[in-house]
Amino acid sequence: MFKNYINQEEIIKSLQELIKIPSVYSKSKNPNEPFGENTVKALNYMLDLGNALGFKTKNIDNYCGYIECGSGDELIGIVGHLDIVPEGENWTYPPFEGQIVDNKIYGRGAIDDKGPVVASLYAMKAFIDYCNENSITLNKRIRLILGLNEENDWKCIEYYKEHEEIPSIGFSPDADFPCIYAEKGLISPFLLMDYSNYENKDIVLINIDCNNNPLNVVPKYCSCNLFIKNRIKITDVINFIKDFVSKNDFDINTEIISQNELKITSHGIQAHAAHPDLGINAISRLIILLDKLFKNYNIQIPIFNLFTQYIGLDIHGERLDINFPDESGELTLNVGQFGFERNDLKIGFNLRVPINTKFELVEEKFSLICKNFNNIYYGFTGKKTPLYVSKDSYLVKTLCQIYNETTNSNAIPIAIGGATYARAFDNFVSFGANLPGQKDMCHQTDEFISIDNLMLACDIYAKAIYNLCQ
């Protein structure tokens, strides 16, 4: 129906150009760049592309923007994002070139979420061209909303909702096909401990570098520096670490910086926090090692003791007794932050909570556990309530039917641990662009989207727009 109106060459070129913009969140001295210079560049690129395709566009104070077509009172929404997580290391192909290998476009953002956003834009174009050629009168508007802060704290979409029209129905192209009817809740607990009273010990933690932002990434790297006083041989510390690492199969190495300073570096595998089982958490392993090391020299660090007793390598919150699986799956726990905050040691977490589990239960468990340890404080940020739209709703049934008819499948709607912009609006769900059974490359090294899947998503999105406009 729409394939003849989809220009594969233009779609590929547009996605490649968008990938070349490293639109990672950054702090800017310019107040007109709330999420960094490169996020604004990505937004302006898409708005210029929308203009070139003949659509109405608007830059909303560099917080977000939109591209719109059609006419009428009712607004159909497609909401995606142009910001990306940091590229990480050890890419086979450059993360910001959009290189094509084996019919796949590689680059940070290829599947999350630049590829699906570009597919959505060209789906709008295919839909409009089809309507014009067949003299179909439109009585609804379609608006592609472009966020710039999805990977952090969603301030962009909050700004949009404060200043712009709210769509009546729609989807976010930022997850999986056939359709997502439920998304887990999100909450980000953190632990704090005043470390100033431990600076007179024989071994002192003096620096931590994890370079992991945001929390929704399984960290692949974390290092720290220790000051070791003369009464302890630095070689003995190294030998203890080597022995512990060998027994536990951790990828951790040491480097002597000076006579009294040792650097310890933990290596892991990056993944999306919604799928911690696909990664190896460098922070968790480093904290476990530090707890054992300090204890070996009769130094008790309460925040490390708590961590090893109640968290460790557990990715489902079983030790915390907060995992109560339901139809949306198990709770997942990612240790995403470790560092100093002034005189405090801080450990931060990203939890994906089953839809029937109340945040109050999670908060109560952290409160009870912290009472068992001296000098530890806790707090909670990043709360996002779960999304749930009935499987029998018009929206879910329509989108699933479109996917199944297009792919000759019989797939059913699913629940996920990821958080998409769909939960920012009523009567929205997430819809593609990962296919069932396909490995989720979001936030991973060598992120890619296959060209065939990109074109398939464009066709499906065009059909979805057509059906929602009826």
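A donor-acceptor contact shorter than 3.5 Å is absent between the side chain of Asn323 and the backbone of Glu318. Without hydrogens or angle criteria, Ser393 side chain to Val389 main chain gives no donor-acceptor distance under 3.5 Å. A donor-acceptor pair under 3.5 Å is formed between the side chain of Asp314 and the backbone N or O of Arg319. A donor-acceptor pair is defined here as one N or O able to donate and one able to accept, closer than 3.5 Å; no such pair exists between the side chain of Asp344 and the backbone of Lys346.
Ring geometry for Tyr181 against Tyr388 counts as perpendicular: the plane angle is over 60°, on a 0 to 90° scale with 30° as the lower cut. By the 30° and 60° cut-offs, the orientation of the rings of Tyr25 relative to Phe35 is tilted. Ring geometry for Tyr403 against Phe177 counts as parallel: the plane angle stays under 30°, on a 0 to 90° scale with 60° as the upper cut. The aromatic rings of Phe425 and Phe428 are tilted relative to each other, their planes meeting at an angle between 30° and 60°.
Aromatic rings of Trp154 and Tyr421 (six-membered ring for Trp) have centroids within the 6.0 Å cut-off, being under it. Proximity of the aromatic rings of Tyr130 and Phe2 is defined here by a centroid distance below 6.0 angstrom, and this criterion is met. For Tyr122 and Tyr5, the gap between ring centers reaches or exceeds 6.0 Å.
Partners of Phe190 under the ring pair (Phe, Tyr, Trp, His ring centres under 6.0 Å) rule, at least two apart in sequence or in another chain, do not exist in this structure.
Side-chain polar atoms of Lys41 and Ser23 form no donor-acceptor pair below 3.5 angstrom. Of the N and O atoms on the side chains of Asn281 and Asn334, at least one donor lies less than 3.5 Å from an acceptor on the other residue.
Cysteines Cys210 and Cys222 have SG atoms closer than 2.5 angstrom.
In this structure, Lys20 forms no cation-pi arrangement with Phe96, as its terminal cationic atom is not both closer than 6.0 Å to the ring centre and no more than 45° off the ring axis.
Among Val79, Ile60, Leu146, the one residue that satisfies the side-chain contact (heavy atoms from CB on, under 4.5 Å) test with Tyr66 is Ile60.
More than 12 non-hydrogen atoms from other residues, nucleotides or ligands lie less than 6.0 angstrom from NZ of Lys140. Asp73 CG: 12 or fewer foreign heavy atoms inside a 6.0 Å radius.
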